[in-house]
Amino acid sequence: MLPDKKGRFMGFGGKFVPETLMVALEELEREYKKALKDAKFRQELNDLLKAYAGRPTPLYFARNLSKKTGVKIYLKREDLLHTGAHKINNTLGQVLLAVRMGKSRVIAETGAGQHGVATATAAAVFGLPCDVYMGVEDIERQALNVFKMKLLGAKVIPVYSGSKTLKDATNEAIRDWVTNVRTTHYVLGSVVGPHPYPVMVRDFQAIIGKETKRQILKYEERLPDYMVACVGGGSNSIGFFHALFKTKVKFIGVEAGGLGLSSGKHGAALCKGKPGVLHGSKSYLLQDKDGQIKVAHSISAGLDYPGVGPEHSYYKDIGRAKYVSVNDKEALEGFKILCEEEGIIPALEPSHAIYYAVKKLSPKAGKNKIIAICLSGRGDKDIDIIKQHRL
Amino acid sequence: MNRIDKKFKELKKRRKKAFVAFIMAGDPSIAITKKLVFELERQGADIIELGVAFSDPLADGPAIQRSSERALKKKVNLDVVCRLVKEIRQKTQIPIAFLTYYNLLYHYGLERFAEKAKSSGVDGVIVPDLPPEESGELRRIAKKKGFSLIHLLAPTSSRQRIKMIANTSTGFIYYVSLTGTTGVRKELPKELSSSLRLIKRLTKKPVCVGFGISTPQQVKAVSRLTDGVIVGSAIIKMIEKNIGKQRLVENVGKFVRRLTCML
């Protein structure tokens with residue numbers, strides 16, 4: 001089973017962090033493993049996921065899209081969860097773990113603000129103070145989530161350095177953690193970062209795929225032919241794929257094509273990047289000829305990140321998943337399609353996956369093939385951006 | 001034995017403590033960095049820690065982040081900084097260690113980096129995001145070339161980790177005085193002396209202390225407990241204050257003299 005003892009997925013992953021954090025990572029790994037074996041911890045988390053977050057989420061047969069495309073399209077409705085996205089699966093797990101470890105404060109980084117809101121929410125449930133780092137560019141384009149975090153009692157700390165987006169918010173969160181490591185747990189929001197974060201976040205998100213598997217078997221008495229999800233850091237997609245790793249289901253990860261792969265302004269680390277080290281792990285990474293990290297670009301703040309989780313890099317290299325990209329314009333089209341055809345307003349992140357599944361995959365998939373899409377979040381947060389684009 | 005090892009041997013004989021000065025290559029320009037190295041040596045620095053700027057310096061506080069940004073605007077990279085050291089070597093044999101982040105080395109190629117750096121006259125490298133668990137390959141290459149790979153120890157390091165890091169670090173051991181990023185602090189942590197006593201009991205290798213040290217009093221106090229002190233952000237701030245001024249090099253030199261004369 002991967003990752004290995006050092007937290008590596010073949011050549012990817014690892015712990016590339018300042019020495020100050022090494023003991024904290026060792027402690028986190030130890031406590032996480034213990035918690036997993038503790039029936040009480042699992043029970044408490046399951047109760048929260050069910051009664052508080054709203055699991056299990058439905059697997060919805062998208063009747064109109066299916067009729068139009070000739071394939072069977074199912075949507076895993078993570079958008080119906082409390083706080084509006086899959087992020088809550090992970091933050092409830094991590095904050096519960098933080099309490100168990102006796103930490104008195106939590107911090108988080110956020111891009112679109114969904115992870116920030118989900119962390120602030122979990123922190124409110126457990127009465128912990130919560131500071132969320134967010135790039136000033138994202139604070140502007142995701143104003144609604146900033147307001148929500150404040151309502152939930154969290155402090156949003158603006159980050160002015162570098163690209164002023166998720167990458168730099170993550171740098172600042174790590175700097176805070178290095179400083180306050182004895183009292184603070186860092187609630188990382190994706191399957192990135194140093195070991196054990198990629199495996200721990202994956203495990204907390206794996207419930208998406210476990211439910212999907214059970215539900216599709218009930219409806220169709222077989223597994224889907226394709227599973228499609230968007231990939232920024234990669235937590236909804238890994239969570240969606242993981243339980244079906246050993247099956248024949250074809251996985252497709254959709255990255256942010258931004259203004260187009262040839263423009264250099266995109267977030268497609270797997271399609272266009274090279275292996276490198278950022279934020280504590282080795283993975284595919286957008287970088288220049290000297291190894292400086294490039295600024296990513298995407299219309300969706302949640303995919304606006306130059307790196308990707310190490311397990312995706314592993315999936316790519318062994319050919320387990322195919323990674324493609326969908327640009328900003330196409331994502332907006334995907335957004336519109338779902339609004340009009342199914343009466344669901346999706347977030348811009350999964351709009352990338354919708355566009356790919358409906359426009360690119362379904363025409364060549366063949367009749368009656370089953371495509372499951374992870375609808376990782378709802379679109380309320382993106383309404384202002386949509387307005388600007390006059391859809 | 002490379003220049004770093006020789007320097008510590010010589011200092012030990014003279015019962016002196018090392019002053020390690022950090023500056024960022026290319027901040028504010030490569031030409032001034034060159035002059036600064038000579039000036040720092042003249043004002044009593046024993047070792048130069050030369051930063052090679054990275055876009056995401058996550059162990060650094062605001063002063064060195066700004067310095068990195070200024071250097072990156074001057075288009076520094078490993079080749080440029082190696083060439084700079086080669087030129088510096090025509091005039092001085094002061095030990096020089098790079099400080100940079102792992103992605104730059106990994107991207108350049110570890111073997112190629114070590115070869116290039118060593119042949120340019122660089123004596124070692126400090127990589128704040130490369131703990132011993134991940135440094136095996138670079139360690140093997142560095143050892144082969146007689147190139148120092150200086151590891152860091154932190155206040156949170158367990159006894160077991162102190163032993164492991166003392167074992168793997170070459171050149172010296174970089175003790176991070178506090179939990180946090182680089183930058184000037186009013187006070188240093190109280191447990192600094194007990195931590196250093198423990199480390200000195202567990203290793204015979206030279207230990208230098210950095211992070212947060214900026215005043216003559218702090219230099220004096222810390223030097224009593226250890227083999228050397230590292231000053232970075234305070235020098236960087238002095239450079240920043242003097243950018244555009246004719247007397248930048250001289251003013252930075254004066255500031256450093258006030259620190260080195262405490263040793």
Side-chain angles (χ1 to χ4, degrees), chain A residues 5-8 11 13-27 159-163 167-184 193-195 273-283 285-295 306-307, chain B residues 52-62 65-66 68-69 72 75-81 100-109 113 127-136 151-158 160-162 164-165 169 173-183 211:
Chain A
K5 262 200 319 216
K6 288 183 164 178
R8 297 208 180 102
K15 286 184 193 174
F16 295 86
V17 294
E19 170 63 20
T20 312
L21 295 180
M22 289 302 282
V23 169
L25 291 173
E26 284 167 12
E27 181 199 10
V159 176
Y160 294 92
S161 57
S163 64
K167 166 179 82 89
D168 305 278
T170 308
N171 289 341
E172 277 311 309
I174 293 174
R175 288 179 185 125
D176 181 315
W177 199 32
V178 171
T179 309
N180 301 298
V181 59
R182 292 181 174 113
T183 57
T184 299
H195 181 66
K274 280 192 179 140
V277 173
L278 178 69
H279 297 151
S281 61
K282 192 182 285 178
S283 195
L285 194 57
L286 298 176
Q287 48 190 325
D288 72 9
K289 61 171 185 24
D290 293 329
Q292 306 291 356
I293 310 306
K294 276 196 197 165
V295 174
Chain B
V52 183
F54 178 52
S55 53
D56 295 79
L58 52 78
D60 286 303
Q65 286 176 45
R66 286 196 302 273
S68 305
E69 281 176 23
L72 285 173
K75 307 227 178 312
V76 295
N77 60 27
L78 281 168
D79 283 330
V80 168
V81 186
T100 195
Y101 288 81
Y102 189 57
N103 196 53
L104 294 189
L105 309 184
Y106 180 74
H107 189 85
Y108 196 89
F113 160 72
V127 193
D129 60 346
L130 191 69
E133 281 85 345
E134 304 289 353
S135 71
H151 281 81
L152 297 95
L153 265 177
T156 51
S157 305
S158 59
Q160 197 189 348
R161 292 191 66 81
I162 295 174
M164 170 173 71
I165 289 164
S169 194
I173 297 160
Y174 188 136
Y175 182 73
V176 175
S177 72
L178 44 84
T179 57
T181 52
T182 54
F211 280 45

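Proteins come first, then strands; the chains are lettered A, B, ... in the order of their sequence lines, and each starts at number 1.
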B/Glu69/B/Arg66 under salt bridge (charged side-chain N to carboxylate O under 4.0 Å, His left out): CA gap, chis, key distance, verdict
CA-CA 5 Å; B/Glu69 281 176 23; B/Arg66 286 196 302 273; over 6 Å; no
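- Between the side chain of B/Arg161 and the main chain of A/Glu19, no donor-acceptor pair closer than 3.5 Å is present.
- Between A/Phe16 and B/Tyr102, the angle of the ring planes stays under 30°, which puts this pair in the parallel group of the 30/60° scheme.
- Neither side chain, A/Ser281 nor A/His195, offers a donor N or O lying under 3.5 Å from an acceptor on the other.
- Using a 4.5 Å cut-off between heavy atoms, B/Asp60 contacts chain A through its backbone alone, with no side-chain atom that close.
- Across A/Val178, A/Leu278, A/Val181, the residue that shares the most heavy-atom pairs under 4.5 angstrom with chain B is A/Val178.
- Interface residue B/Gln65: only side-chain heavy atoms are found under 4.5 Å from chain A.
- The contact between B/Pro131 and chain A is made by backbone and side chain atoms together, counting heavy-atom distances below 4.5 Å.
- For the pair B/Phe54 and A/Ile293, the minimum side-chain heavy-atom distance is below 4.5 Å.
- Heavy-atom pairs under 4.5 Å with chain B peak, among A/Lys274, A/Lys167, A/His279, at A/Lys167.
- Looking only at heavy-atom pairs under 4.5 Å with chain A, the residue among B/Leu105, B/Asp56, B/Asp79 that has the most is B/Asp56.
- Side-chain atoms of A/Trp177 come within 3.5 Å of backbone N or O of A/Thr184 as a donor-acceptor pair.
- Contacts of A/Pro275 with chain B are made by both backbone and side-chain atoms, with heavy-atom separations under 4.5 Å.
- Only the backbone of A/Asp288 has a heavy atom closer than 4.5 Å to any heavy atom of chain B.
- Looking at B/Leu78, there are no atoms closer than 4.5 Å to chain A (heavy atoms on both sides), in backbone or side chain.
- For A/Ile174, the part lying under 4.5 angstrom from a heavy atom of chain B is the side chain only.
- If you measure heavy-atom distances from B/Tyr108 to chain A, you find no contacts under 4.5 Å at all.
- Contact of B/Pro57 with chain A is made through backbone and side chain together, with heavy-atom distances under 4.5 Å.
- Checked against B/Glu134 for a salt bridge (Lys or Arg N to Asp or Glu O under 4.0 Å), the options A/Lys6, A/Arg8, A/Lys282, A/Lys15 give a single hit: A/Arg8.
- Comparing B/Pro132, B/Pro155, B/Ser157 by how many heavy-atom pairs each has under 4.5 Å with chain A, the most go to B/Ser157.
- Between chain A and the residues B/Ala154, B/Pro128, B/Ser158, B/Ser55, the most heavy-atom pairs under 4.5 angstrom are made by B/Ser55.
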